[in-house]
Every structure is written in structure tokens, then in C-alpha cells.
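Position 1 is the first residue of the sequence; numbering continues from there.
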Amino acid sequence: MDVLDVAARATETGPVCDACLGRLVADRSFGLSNADRGSALRVSLALRDDEDHEPVDTADCWVCEGRCAAFDEWADRAAEAVEGVEFATYNVGTRPPPLIEENEALLRADAGLDEDAGEPFKSEFNREVGKRFGRLTGAEVSFDRPDVQFTIDLAEDEIDAKVNSTFVYGRYRKLERDIPQTEWPCRECKGSGRQGADPCDHCDGSGYLYDDSVEEYTAPVVEDVMDGTEATFHGAGREDVDALMLGTGRPFVVEIEEPRRRRVDTDRLQADINAFADGAVEVEGLRLATYEMVERVKGHDAAKRYRAAVTFDADVEADALADAIATLEGATVEQYTPNRVDHRRASMTRERDVYESTAELDDPRHATVEIRGEGGLYIKELISGDEGRTEPSLAGLLGVGAEVTALDVLAVEGEAEPFERDEFFRE
């Protein structure tokens, strides 16, 4: 391909601005803008043919219809659209009018080029506006979930600015029983608080079965500090409502939509949450996290350690308890969906491993049992047998009824590696 022949054929079609001319050979000579390439082609063509050099005003270009003169204007509009918003990364996208894309195709055909030669108008517009926006704001371009994303609609003369969510990771301890992890809408009134014209008698008109939740103690504080529009709580599994979450705590991520602040003091945020929760819930290890941390928290395989206060319906001897608990250690347990959750879980048999198990008899009718097991292991049913739906079980091995009267979760840790890895956090 002789670039001057291409330029000659292109300029014969009518007034073509430097950017549109240079875009035809955008793969030539690294370090130049398309406008630089176009200007150089025009000068070289005039020299080769010994003709007067006649620059083309961008406003007269039949291909882009003057749009290539508007890069600065759109960068300014983008900056105005996110004024007052903290961000470090950005990306720009463009919706060109169909006519410009048609004009581009005609120009390439008339210049004797393949339809995919050079660079599309849209790509240049994204880059040139993006470069100017970066200089205006000091932010860096990112093609992997940037803090802010812009979509420029040239036909409608509009710019849409999307402020992507930000994320805070930590671990929580739940220090009081009967607190769910997330809001628990009433099933009877579906969260409305009403049954017809009357208040719902199942939830006393509140719309919720519990007044408080871990989510309500944490997410609103993060949302307020980061000045967002909505907060979503993501937990690494969840403990029973009547169970405590102690020890190392449970990993969680709070996602804040449309935050105006991203760089916050996580130590101070942690102190604010703990003060607000007033002893019911406690968080630690708060860190700014990436989007990928949500998937890790929700999908990372985790082992869990539990402590259960167990009551038997007949006397149990220490040796019998020791034998039974030794049988459970290392066992693969088959658990059909427990009675207590079969209204919200698929009916199926799940296999889960018991890694460690210990028990201490407090008196013939009471014991303290500790279990470390695979994620998804139902501890209450491992103790009670759940009317034969869990095999083996402590009750089945002892031949007596057994019930968990208090359950504490002591640790939630990654199976193969920790939840916390540097690539899932940001400064």
C-alpha cells in the first residue's frame, strides 16, 4: 500500500479533515496522532504532485461532519459530569451517528482499502477525548472496570457518566443472638407490613421479622461515609440467626453504588461501625477492595469451626461420647436437606466432610462439642440426626436424642488459601 496513493484517492472524494485522512493509515508510524498523520500526508502529497498545499477545516469534513474538532469540548463535558466525585480511573465510549459510520465505509472503499483498514472513528474519538479527560483530571484510563465510565452519544449530543461501585472488605463478629446477617422481610406480608388494610400481625407491621441485622449495623455507615446511593452486603455464607459469630469473624464485602468518595480512612470507618453497632456486632480488618472480592467472598471454599452446647434426652457416659465423637472425626456425612430449611433450599442429599471433632461432657445430660468441617455442613443436624436425614450423627452414634441449645461459629477460613490476598485489595 502506497500511503500517498491512498491519500490522493481519499482527498479526491471531497474535503476530508486531517484526523479522518490519517485514520486510514493509523497503523503506520507509532507516536503520531491521526491528525498528525493526515497533515503529513497532505503536505507530502502536495510536494509529490507539486501542487499548492490546501489545508481542510475540520468543520468542512464530509466524513466526520466536524466531530473531530470537538475532542476538547467532550472532555470538558465529561469532567463536569463527575464534578465532586472521587475517582482514579476512567474509560470513554462513543456512539457515533450511523451516517458517520457509513461515511467511513465509503471513504475506505473510495481509497481502495479494505473495510477494516486503519482505525474506526469510534476508537479515535474514545482515545482522543480520553487523553484530554485524563490531562484535565489526573486520572488514568482503565479498560477493566474503571471508577467512572462515560458514554458519548454524538447523535443525541449527550454524555452519560456512570460511577461504578466501590467495595469495602472486612470480617464481622456477631456478639448477640437472634440477629440475622441481612434484612429479613416478613414472609406473610412480603415486607409490606400490611395484610390488606390492617398491619401484619406476624411482624407487628414492621415488614421485617427481626429489628436488626449485621447488614443494618454496617452497610448504612459505609454508604454514608462514601456518600453513595445504595449499599449491598455480601457475606461469606451466613450463620444461623440464633448463632453467635466469634473468633476470627466472617468475611464480608459492602458494595457502595455511585460513591462520591472512594479514598476513605478504613480505621476510622471501622471505629464508626463499631460505635454504631454498640456491642451487638463488631468489625475488624476493613480494607478497600476490588470488584473481584465480591466473587471471592461468595464463592471461595471455606472451612468453619463451631462450638455447640448440646443437651441429651438420656444420660451419656464420657467413654461413649468420646467413641462417638472419634467416629465423626474424618467422616463424610450425608445430609438430606434439613427440615428447618427445606422451604428455601432444594431437596437433595449433600456430602460434607468433618475435619476435626472434640467433645467434653459437662454432666450426663450436657456436653460442649467443637466441630471443624467443610463449608455447608449443617452442625445442628450433625448433632441431632434430623430424624434420620443426616448420617452419621452424634445422636445416632450414641443412641440418644441430642439437641444443640446454643451454637457459636468460631472461625471461617479459606480451605486452600486465605480469603485475603493482595490482588483483591486497592490502596
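- Using a distance-only test at 3.5 Å, with no hydrogens or angles considered, a donor-acceptor pair links the side chain of R296 to the main chain of F419.
- With respect to E282 and R171, no salt bridge is recorded, no charged nitrogen being found less than 4.0 Å from a carboxylate O.
- The closest side-chain donor-acceptor pair between Q181 and Y172 falls under 3.5 angstrom.
- The ring-ring contact (aromatic ring centres under 6.0 Å, His included) analysis of residues 142-164, with sequence neighbours excluded, yields the pairs F133-F150.
- Using modelled atom types, one finds a donor on one side chain and an acceptor on the other under 3.5 Å when comparing S33 with D36.
- What you find for P392 and T332 is that their closest heavy atoms are CD-O, 4.0 Å.
- Between the side chain of H300 and the backbone N or O of M293, no donor-acceptor pair lies under 3.5 Å.
- Listed for the E351 side chain is no donor-acceptor partner under 3.5 Å among the backbone atoms of E334.
- Counted by atom type alone, E381 and S384 present zero donor-acceptor pairs between their side chains at under 3.5 Å.
- A donor-acceptor distance shorter than 3.5 angstrom exists from the side chain of K174 to the backbone of I179, with no hydrogens or angles considered.
- A distance-only check finds a donor-acceptor pair linking the side chain of Q270 to the backbone of G285 [under 3.5 Å].
- Between the D408 side chain and the L410 main chain, no donor and acceptor come within less than 3.5 Å of each other.
- A salt bridge links R365 with D315; the closest basic N to acidic carboxylate O contact falls under 4.0 Å.
- Crowding of E284 atom CD: a count of heavy atoms from other residues, nucleotides or ligands under 6.0 Å exceeding 12.
- Taking every heavy atom of both residues into account, F121 and C64 meet most closely at CE1-CB, 3.9 Å.
- Of the charged side-chain nitrogens involved, none lies within less than 4.0 Å of a carboxylate oxygen, so that E403 and K380 do not count as a salt-bridged pair.
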N/O donor to acceptor pairs below 3.5 angstrom from side-chain atoms of residues 258-269, sequence neighbours left out:
| from | atom 1 | to | atom 2 | distance (Å) |
| --- | --- | --- | --- | --- |
| R260 | NH2 | E83 | O | 3.3 |
| R260 | NH2 | G84 | O | 3.4 |
| R261 | NH1 | V225 | O | 3.1 |
| R262 | NE | E86 | O | 3.3 |
| R262 | NH2 | D147 | O | 2.9 |
| R262 | NH2 | N164 | O | 2.5 |
| D265 | OD1 | D267 | N | 3.0 |
| D265 | OD1 | R268 | N | 3.2 |
| T266 | OG1 | L286 | O | 3.4 |

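- A cation-pi geometry, defined here as NZ or CZ lying under 6.0 Å from the six-membered ring centre and within 45° of its normal, holds between R145 and Y291.
- Side chain of D242 to backbone of R177: no donor-acceptor contact under 3.5 angstrom is found.
- For S213 and E215, the side-chain atoms include no donor-acceptor pair closer than 3.5 Å.
- Under a 3.5 Å cut-off, the side chain of R305 and the backbone N or O of I371 do not form any donor-acceptor pair.
- Counting non-hydrogen atoms of neighbouring residues, nucleotides and ligands closer than 6.0 angstrom, the CD atom of E295 reaches no more than 12 such neighbours.
- Both tests do not hold together for R287 against Y169: distance to the six-membered ring centre under 6.0 Å, angle to the ring axis within 45°.
- Using a 3.5 Å distance cut-off with no hydrogens or angles, the side chains of N34 and E124 do pair a donor with an acceptor.
- In summary, of the residues considered (R135, R132, K131), a salt bridge (Lys or Arg N to Asp or Glu O under 4.0 Å) with D72 occurs for R132 alone.
- Electrostatic pairing of E423 and R421 counts as a salt bridge here, judged by a charged N lying under 4.0 Å from a carboxylate O.
- Within the 3.5 Å criterion, the main-chain N or O of A69 finds no donor-acceptor partner in the side chain of T58.
- There is a side-chain donor-acceptor pair under 3.5 Å between T248 and E413.
- In the displayed structure, E140 atom CD is contacted under 6.0 Å by at most 12 heavy atoms of other residues, nucleotides or ligands.
- Under 3.5 Å, the side chains of S165 and E255 contain a donor-acceptor pair of N or O atoms.
- Between R23 and E119, no side-chain nitrogen of the basic residue sits less than 4.0 Å from a carboxylate oxygen of the acidic one, so the salt-bridge criterion is not met.
- Surrounding CD of E415 are more than 12 heavy atoms belonging to other residues, nucleotides or ligands, all under 6.0 Å away.
- Distance alone, capped at 3.5 Å, is enough to place a donor-acceptor pair between the D153 side chain and the E156 backbone.
- Summarising the geometry, atom CG belonging to D160 is positioned 9.5 Å from atom CD belonging to Q149; distances are rounded to the nearest 0.5 Å.
- A donor-acceptor pair shorter than 3.5 Å can be found between the side chains of T166 and R426.
- For C20 against L107, the heavy-atom pair with the smallest separation is O-CD2, 4.1 Å.
- Residues N91 and S142 bring no donor and acceptor atom of their side chains to less than 3.5 Å of each other.
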*I would like to know whether T405 and V310 meet side chain to side chain contact (heavy atoms under 4.5 Å, CB included); could you show each step before the answer?*
CA-CA 6 Å; T405 56; V310 178; over 6 Å; no

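- Enclosure of atom CD in E329 by more than 12 non-hydrogen atoms of other residues, nucleotides or ligands within 6.0 angstrom is indicated.
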